[in-house]
Amino acid sequence: MEKNLIILPSKPWPPLLIPSHSSTQLEWHGSTRALANSNSVSMTQRSHPKLVDTQLNQLCANGSLSEAVAILDSLAQQGSKVRPITFMNLLQACIDKDCILVGRELHTRIGLVRKVNPFVETKLVSMYAKCGHLDEARKVFDEMRERNLFTWSAMIGACSRDLKWEEVVELFYDMMQHGVLPDDFLLPKVLKACGKFRDIETGRLIHSLVIRGGMCSSLHVNNSILAVYAKCGEMSCAEKIFRRMDERNCVSWNVIITGYCQRGEIEQAQKYFDAMQEEGMEPGLVTWNILIASYSQLGHCDIAMDLMRKMESFGITPDVYTWTSMISGFTQKGRINEAFDLLRDMLIVGVEPNSITIASAASACASVKSLSMGSEIHSIAVKTSMVDDILIGNSLIDMYAKGGDLEAAQSIFDVMLERDVYSWNSIIGGYCQAGFCGKAHELFMKMQESDSPPNVVTWNVMITGFMQNGDEDEALNLFLRIEKDGKIKPNVASWNSLISGFLQNRQKDKALQIFRQMQFSNMAPNLVTVLTILPACTNLVAAKKVKEIHCCATRRNLVSELSVSNTFIDSYAKSGNIMYSRKVFDGLSPKDIISWNSLLSGYVLHGCSESALDLFDQMRKDGLHPSRVTLTSIISAYSHAEMVDEGKHAFSNISEEYQIRLDLEHYSAMVYLLGRSGKLAKALEFIQNMPVEPNSSVWAALLTACRIHKNFGMAIFAGEHMLELDPENIITQHLLSQAYSVCGKSWEAQKMTKLEKEKFVKMPVGQSWIEMNNMVHTFVVGDDQSIPYLDKIHSWLKRVGENVKAHISDNGLRIEEEEKENIGSVHSEKLAFAFGLIDFHHTPQILRIVKNLRMCRDCHDTAKYISLAYGCEIYLSDSNCLHHFKDGHCSCRDYW
DNA sequence: GGAACTACGT
């Protein structure tokens with residue numbers, strides 16, 4: 001009995017430190033007065049300690065904590081002893097009333113005690129932790145001389161509540177080293193940290209201790225061990241443990257189901273869900289929620305919805321988790337109206353939304369930029385008094401910012417009670433998005449002085465913002481400062497933002513350079529990197545880069561993502577490797593409509609109309625539903641094969657069969673089909689009977705037909721329409737002016753030339769790029785200085801030119817994008833042909849060339865001749881078409 | 001001292 005008593009010091013204790021404006025619920029002044037007048041002190045003077053405790057407990061229950069402390073002080077002045085239980089009760093009261101100030105007062109007094117009871121100190125640790133002062137809790141903990149399991153549990157529990165998973169595991173090891181063994185209440189906490197922190201090693205260690213050490217084997221502990229394996233994705237281990245468990249409850253099943261859901265293996269999850277019922281274990285609310293959330297997350301909203309109805313028929317009422325999962329699932333699918341209906345239904349049936357529900361709904365509004373629905377959410381948040389919740393505040397800022405109402409976003413930001421890094425990032429992102437980089441930067445500076453300094457996302461948002469503003473230097477500068485000024489490491493998204501920024505600003509080479517540096521810095525590219533950088537390589541002179549990136553993506557297992565593989569199908573085709581497209585396609589299982597369409601349009605691009613039509617047959621045999629894109633490709637394939645009737649059939653019948661809504665793409669493909677076969681009048685009639693206004697690509701299809709079939713009058717008609725829709729288009733102006741001259745309309749021709757001159761715009765200079773020996777060489781018309789072996793090239797071209805002339809029969813009048821060649825200035829692609837063919841002891845098998853303008857007839861003839869005479873293939877993509885020259889023929893069949 | 005499984009945002 002005696003050792004449980006604390007001998008209070010005889011010297012007086014320091015005065016209470018609580019300021020009068022304290023935010024605690026205590027009425028400090030009032031209590032002091034009450035103390036002076038009441039007989040409570042005298043009552044305690046000679047009372048038995050237990051009576052004092054009863055009295056103190058009562059004061060604590062009333063919230064009069066400071067009065068209780070005052071009594072302690074008066075006891076101290078009398079030299080009385082305070083029992084540890086008294087301190088513990090008082091500390092517990094501080095926890096209950098969340099009163100850190102009185103807690104600190106008690107700490108001061110406990111500190112004066114000569115030999116403190118470890119249970120009292122443990123309670124102190126808990127008090128600080130539960131009042132939200134983990135650092136002070138840790139300080140008390142670290143200074144303790146004697147720590148028992150209770151103490152360790154309090155500290156570990158505190159870290160666990162504060163989501164400090166790493167610290168939980170560290171403390172656990174520390175505890176074991178101090179020779180303190182855990183019990184079956186502590187282990188689940190540590191195991192939870194292992195799961196969160198993906199620390200499978202500690203999980204395994206505890207698992208082996210439990211098995212071999214025979215300690216703490218309870219259902220709770222076993223479930224927790226199971227959960228570590230499941231969270232770390234070790235499903236085969238988890239299954240093994242699950243099968244060996246002698247006792248299982250609903251949670252055990254939930255853990256396994258969650259494990260499979262997290263891996264996206266919903267079929268397996270569903271299997272366990274069915275199996276548990278077969279074994280007589282009823283799925284609980286949580287079980288349903290796990291499955292519903294998973295289906296919903298994976299985009300199967302309708303299945304999730306069915307499950308929600310089914311769970312009700314099982315007598316289980318959906319709770320806030322169920323509703324929230326559904327709302328966010330519909331949101332992510334872009335089915336915003338359904339998300340909204342669900343929210344309304346939820347309110348009608350009386351399930352209270354929480355901050356996560358509201359935040360999900362707000363992000364639904366953000367994604368469709370709907371301010372009207374957004375303000376409805378805002379008012380729900382106000383009505384349910386959740387508007388001060390930081391999560392909701394942040395999502396409202398985001399919603400208003402994305403919706404374009406920066407004032408509203410700013411005003412929410414301004415009145416927020418607390419702000420975190422999301423709040424700052426949302427508002428900064430809003431300003432960046434709207435192009436107010438200056439304002440964003442201002443906030444960025446303020447943020448650095450705030451409680452939540454910029455994180456890597458902030459830096460990335462700023463980089464993207466400057467990039468969008470065209471300020472590449474500042475963006476790059478920010479990137480370089482992340483590590484030094486931001487004291488954080490750039491992540492893969494930082495690199496991605498640079499790459500996509502440069503690409504947006506049409507700086508392909510810089511983007512590729514950054515991509516290379518990224519690999520050099522050992523930063524692993526992710527899916528976004530690959531999908532971003534690939535378009536920069538989808539041209540003939542970057543064919544090798546596509547292969548390189550494909551290798552890199554395969555190594556990182558990014559190709560298992562269908563969107564990535566589909567993009568490779570497309571990129572290989574566009575970079576002139578249709579065989580590789582086919583290989584990727586054949587290796588895919590499953591394929592989706594995009595896989596099929598990508599290969600299909602690849603075949604069309606390469607002029608492989610037969611392959612395209614075969615593929616289409618295969619697609620239909622496989623039961624796939626052609627989409628709008630499919631139909632466009634098919635009409636183009638028929639067009640290329642000059643199968644006009646089949647093309648018409650596809651246009652009207654296939655579109656009807658599959659209920660494909662016809663759009664302008666289909667109409668211009670039809671004009672192309674008719675025009676290509678020379679049915680110019682039919683093509684014009686088709687345009688005039690279109691149910692929608694023709695756009696410039698419809699007219700362009702007609703203009704191309706007129707150029708090839710030399711109908712200059714109709715070319716003028718088409719060109720004028722194009723110019724009406726796109727008056728600034730310099731190439732159209734140029735073609736039109738040529739057509740006027742050919743038709744003798746000199747006045748119009750002069751007008752066009754004048755127009756060109758007035759606007760100080762010139763036709764772009766013809767340029768070609770050729771890839772040789774991993775180098776891309778550029779040839780520009782009229783820039784002879786930079787051309788290697790100029791004399792050799794010119795004499796080579798002269799010789800070839802004579803041979804070409806002997807081969808061609810058609811030398812009539814044409815309208816072309818590039819001025820006719822004169823002596824001394826040769827079209828850039830010809831220079832490229834020459835450069836590619838004379839610089840080698842052996843003729844290269846394939847030349848890959850990119851040209852900025854549309855090839856002229858003469859260069860086209862030259863390429864055909866070279867492919868025959870030199871036995872090489874030439875891939876050349878001009879501004880309009882991919883030409884593949886082989887054996888004297890071109891894949892475009894001389895129509896481009 | 002007091003445990004395992006579920007929904008969310010830049």
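Protein chains get the first letters and strands the later ones, always in sequence-line order, with residue 1 at the start of each. Basis for what follows: all heavy atoms, side chains included, without hydrogens, waters or symmetry-related copies. Quick caveat, the model's predicted, so the values are computed rather than measured.
- Comparing B:dT6, B:dG9, B:dG1 by their nearest atom to the side chain of A:Gln262 picks out B:dT6.
- Between the side chain of A:Ser363 and the backbone N or O of A:Ala366, no donor-acceptor pair lies under 3.5 Å.
- Of the candidates B:dA7, B:dA4, B:dG1, the closest approach to any side-chain atom of A:Ser126 belongs to B:dG1.
- Side chain of A:Val286, nearest nucleotide from B:dA7, B:dG1, B:dC5: B:dC5.
- Computed from coordinates, the A:Ile266 CD1 to B:dT6 P distance equals 14 Å when rounded to whole Å.
- Remark: aromatic rings of A:Trp253 and A:Phe273 are distant, center separation not under 6.0 Å.
- Between the CG atom of A:Asn394 and the P atom of B:dG9 there is a distance of 12 Å, given to the nearest Å.
- Screening residues 256-279 of chain A for salt bridge (charged side-chain N to carboxylate O under 4.0 Å, His left out), with sequence neighbours left out, gives A:Arg248-A:Glu279, A:Arg263-A:Glu265.
- A:Leu191 comes within contact range of no nucleotide atom at all, as no heavy-atom separation falls under 4.0 Å.
- The aromatic ring of A:Tyr422 does not sit over the base of B:dT10; the criterion of centres under 5.5 Å apart with planes under 30° is not met.
- Evaluation of atom-type donor-acceptor distances gives no pair under 3.5 Å for the side chain of A:Asn148 against the base of B:dG1.
- A:Asp319 comes within 4.0 angstrom of nothing in the nucleic acid, heavy atoms only.
- Across all strands, A:Asp389 comes closer than 4.0 Å to no nucleic acid atom at all (heavy-atom distances).
- Annotation: proximity of residues 243-257 of chain A to DNA chain B (heavy atom, distance under 4.0 Å) is found for A:Asn249, A:Val251, A:Asn254, A:Val255, numbered in ascending order.
- For the ring pair (Phe, Tyr, Trp, His ring centres under 6.0 Å) criterion with A:Trp459, the lone passing option out of A:Phe444, A:Trp424, A:Phe479 is A:Phe444.
- The listed nucleotides are B:dG1, B:dT6, B:dT10; the one nearest the side chain of A:Asn289 is B:dT6.
- The two atoms that bring A:Lys189 and A:Ser153 nearest to each other are NZ-O, 3.6 Å, heavy atoms only.
- As judged by a 4.0 angstrom heavy-atom cut-off over every strand, A:Ser355 is placed among residues making no nucleic acid contact.
- Aromatic rings of A:His107 and A:Tyr128 (six-membered ring for Trp) have centroids within the 6.0 Å cut-off, being under it.
- In this structure, OH of A:Tyr295 is placed 16 Å from P of B:dA7, rounded to the nearest angstrom.
- The aromatic rings of A:Phe119 and A:Phe150 sit perpendicular, their planes meeting at an angle over 60°, well past the 30° parallel limit.
- Under the 4.0 Å criterion applied to side-chain N and carboxylate O atoms, A:Lys333 and A:Glu338 are not assigned as salt-bridge partners.
- For A:Lys192, no side-chain nitrogen or oxygen approaches OP1 or OP2 of B:dA3 to under 4.0 Å.
- Contact annotation for A:Leu391: base contact, defined as any heavy-atom pair under 4.0 Å involving a base atom.
- Counting to the nearest Å, the C1' atom of B:dA4 and the CZ atom of A:Phe242 are 14 Å from each other.
- At B:dC8, one or more side-chain N or O atoms of A:Gln297 fall inside 4.0 Å of OP1 or OP2 (strictly under the cut-off).
- A:Phe273 has its CZ atom 14 Å from the C1' atom of B:dC5, to the nearest Å.
- The side-chain ring of A:Trp152 is not stacked on the base of B:dG1, judged by centre separation under 5.5 angstrom and plane angle under 30 degrees.
- The side-chain hydrogen bond (donor to acceptor under 3.5 Å, both in side chains) with A:Asn425 is formed by just one residue from the set A:Asp398, A:Asn455, A:Asp420, A:Asn460; it is A:Asn455.
- Residues from residues 218-232 of chain A that place a heavy atom under 4.0 Å from any atom of DNA chain B, listed by number: A:His220, A:Asn223, A:Ser224, A:Lys231.
- Using a 4.0 Å heavy-atom criterion, one finds that A:Thr122 contacts no nucleic acid atom at all.
- By the 4.5 Å heavy-atom criterion applied to side chains, A:Pro318 and A:Val351 are not counted as neighbours.
- Comparing B:dA7, B:dA3, B:dC8 against the side chain of A:Gln332 picks out B:dC8 as the nearest.
- Rounded to an integer number of Å, the gap from A:Met305 CE to B:dA7 P is 19 Å.
- In this structure, A:Met127 atom CE and B:dG1 atom C1' are separated by 16 Å, rounded to whole Å.
- For a distance-only test at 3.5 Å, the side chain of A:Asn425 fails to qualify as a donor-acceptor partner of the base of B:dG9.
- A straight line from CE of A:Met88 to C1' of B:dG1 spans 9 Å, rounded to a whole angstrom.
- At a threshold of 4.0 angstrom between heavy atoms, the contacts of A:Ala293 are confined to the sugar-phosphate backbone, with no base atom among them.
- Here A:Lys310 does not pair with A:Asp306 in a salt bridge; the nearest charged N to carboxylate O distance is not below 4.0 Å.
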